[in-house]
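What follows is a short report on a single structure.
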Amino acid sequence: MSTISIAQGTDVLNYIGGKWEKSNSSEILDVINPATKEVLGHVPMSRVSDVEAAVKAAEAVFPDWRRTPPGDRVQYLFAIKQMLEDNINDIARTLVMENGKTLTEAKGELRRAIENVEVACGIPMLMQGYNLEDIAHGIDEIMIRQPVGIVAAITPFNFPGMIPFWYLPYAIACGNCFILKPSERVPMTMQHIFRLMEPLNLPKGVLGLVNGGRETVDALLDHLKVRAISFVGSTPVAKYIYSRAAANGKRVQCQGGAKNHAIVLPDADLGVASKVVAESAFACAGQRCLAVSVAITVGDARTKFRDAVSDVASSFKVGYGLDEDVRMGPVITPASRSRIEDLIDKGHHDGAKLVRDGRNPKMSKYESGNFVGPTILDDVPAGSELPSTEIFGPVLSLVHANSLEDAIRILGASEYGNAASLFTSNGATARRFKYEAPAGNIGINVGVAAPIAYFPFSGWKASFFGDLHAQGRDGVEFYTEKKVVVERWA
Ligand code: NAD
């Protein structure tokens, strides 16, 4: 096991051509622990020239890397997997310090990162093409997959350890060179992981890390040599990146924001439903793109579910994610906290009843942290802002419907389509929901329908722009070009 860890006050560096480089930018932001408010480090807003250097390094190594047999390329992935396994506790601590989630949540997301590495280890099988003999007399046809070239990913703050691994392992296993631009609010986790990957001796330039913000992203979107862009973040930025990258002729996949609904029917096990919905709404402080944000109760489920979910919510201990027994950490920034508090206020003002008010939770430690406790509002008026806006905080809105049809209509009216869940004990009802619900990730008696790495992380409507998703076979499709060869050897 390595002893590398990220010390406080770290200057975040870029990793270019196998070397740690200071950015050419003089614009530097603080990386702040959202619970303790300590400054953890300083992150540069890298310039066009930094991106140029990373692309040049990738370009230099790409011809050799794509010729490296897939079976040899995946040996590096086996080493990455082992490194992540050996260092999961240390990396998780870095992640908690900069993101605020709990240590258990941090380890959970790193497990999904590891799982993606494991799937990409199957590239020698997954990357295979197909062929057909005798498409005409003496003529055969084959389809082969080749790497796309230099590819880049731009990732958000809420899963600093997992989301880069939706892309990195597939990209390099397929023979591409990969450049990551992590969120400037949480750059330390990938700094930590890249330091641990350094001794694994991947050919220099296969992996690049460029820290920064909008200018850095634009440089990647506009660079002619960058052939594909993967993005995860908010919908307005997803739309911007999708259109700019596509206009520059790149292959693009952009995951956007979300507003997820859970429908609770009277025949559901309300004990399970309340636990699972509360976990979905409040874990990771509600900062998950799969978090349930609106629960729609049908008929009799209304008061029973409200009381049960409120009881579960009161058991969530709010605090610093590194402290024992803490179930929910802070939200990422003071601005995010104020926005969430304003939305709660507005919802209450619009007529919703506050069942649990998580604003200004009493904290025995870390009083200055960005804490918002679990919040539940009932009878949230349809058409108000609360049930339609992505809150990205620990706030659950309860709305009511007379029937399953009405409930599906409510969730169908959302501009987003990331996830939707149904709680029922009736198989036929569940089948109907699975069939009709207009969302990409469906949960049946499940609150966070997070696809494991062998399945695509789907998402519909304003939650996704593109066609091929992250993870699994979609990842392999995205990172390879198909080439068809027709041969005559009479
Ligand atoms: P964000 O959109 O603010 O930032 C995401 C990335 O884009 C960051 O790397 C950031 O530096 C960059 N960026 C921000 N503004 C930019 C601009 N104007 N031009 C170019 N680049 C820009 O998102 P966030 O706050 O970091 O993450 C939260 C959002 O991500 C939520 O909306 C959440 O739903 C979404 N999310 C979606 C999924 C999914 O799978 N659909 C998964 C995780 C998070």
Side-chain angles (χ1 to χ4, degrees), residues 34-35 100-102 105 158 257-262 264 273-297 302-321 326-364 366-400 410 414 416 419 421 447-448:
K101 63 179 65 176
T102 68
E105 289 166 347
N158 64 331
K259 183 79 182 175
N260 306 310
H261 298 71
V264 183
S274 54
K275 275 201 196 87
V276 167
V277 170
E279 182 64 33
S280 174
F282 306 129
C284 296
Q287 299 172 118
R288 277 196 289 202
C289 67
L290 292 177
V292 169
S293 181
V294 181
I296 309 171
T297 52
R302 185 173 185 160
T303 47
K304 286 186 211 145
F305 177 77
R306 181 199 61 206
D307 295 346
V309 81
S310 174
D311 279 353
V312 182
S314 52
S315 69
F316 273 73
K317 183 176 169 196
V318 180
Y320 185 21
V326 164
R327 289 275 305 280
M328 207 182 104
V331 297
I332 190 72
T333 56
S336 177
R337 177 185 174 174
S338 307
R339 185 180 160 273
I340 294 163
E341 290 175 342
D342 287 351
L343 279 163
I344 297 170
D345 197 45
K346 200 151 184 284
H348 188 38
H349 196 257
D350 287 343
K353 296 185 190 102
L354 265 166
V355 177
R356 278 191 61 84
D357 187 353
R359 289 173 293 180
N360 301 310
K362 274 209 173 57
M363 306 298 299
S364 53
Y366 316 115
E367 291 88 350
S368 63
N370 313 323
F371 294 104
V372 183
T375 298
I376 301 174
L377 294 107
D378 193 14
D379 288 333
V380 179
S384 65
E385 197 174 347
L386 209 54
S388 55
T389 306
E390 179 175 42
I391 301 172
F392 228 54
V395 181
L396 179 66
S397 298
L398 302 180
V399 301
H400 308 289
I410 293 171
S414 171
Y416 300 104
S421 291
V448 180

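What you see below is based on every heavy atom in this structure, not just the backbone, and it leaves out hydrogens, waters and symmetry mates.
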Exercise: identify the closest heavy-atom pair between [X] and [Y]:
X    : Y    : answer
V326 : T102 : O-CG2, 3.4 Å
V276 : G447 : CG1-N, 3.1 Å
V380 : V399 : O-CG1, 3.5 Å
V318 : G373 : CG2-CA, 4.1 Å
G100 : P330 : O-CD, 3.2 Å
R288 : C284 : CG-CB, 3.8 Å

So, [X] side chain and [Y] main chain: donor-acceptor pair closer than 3.5 Å or not?
X    : Y    : result
K101 : Q287 : no
S280 : V292 : yes
N370 : I332 : yes
T389 : I391 : no
S338 : P334 : yes
T375 : G358 : yes
N260 : A419 : yes

Please examine the side chains of [Y] and [X], heavy atoms only from C-beta on, and report whether any two atoms are closer than 4.5 Å.
X    : Y    : value
V331 : F392 : no
V355 : V309 : no
I340 : V395 : yes
I376 : F282 : yes
P374 : M328 : yes
R356 : S314 : yes
V264 : S274 : no

Euclidean distance, [Y] [atom2] relative to [X] [atom1], rounded to 0.5 Å:
X    : Y    : atom1 : atom2 : result
E367 : N360 : CD    : CG    : 12.5 Å
H261 : S414 : NE2   : OG    : 5.0 Å
D342 : E385 : CG    : CD    : 10.0 Å

I'd like to know if [X] and [Y] make a salt bridge, using a cut-off of under 4.0 Å between side-chain N and carboxylate O.
X    : Y    : answer
R302 : D379 : yes
R306 : D378 : yes
R359 : D345 : yes
E390 : K259 : no
E279 : R327 : yes

- request: Would you sort out whether H400 and I296 count as a side chain to side chain contact (heavy atoms under 4.5 Å, CB included), showing the intermediate values?
  value: CA-CA 5 Å; H400 308 289; I296 309 171; over 6 Å; no

query: When you look at L377 and L386, which way does the side chain to side chain contact (heavy atoms under 4.5 Å, CB included) test go after all the steps?
result: CA-CA 9 Å; L377 294 107; L386 209 54; 3.6 Å; yes

Full working for side chain to side chain contact (heavy atoms under 4.5 Å, CB included) between D350 and K346: CA-CA 6 Å; D350 287 343; K346 200 151 184 284; 4.2 Å; yes

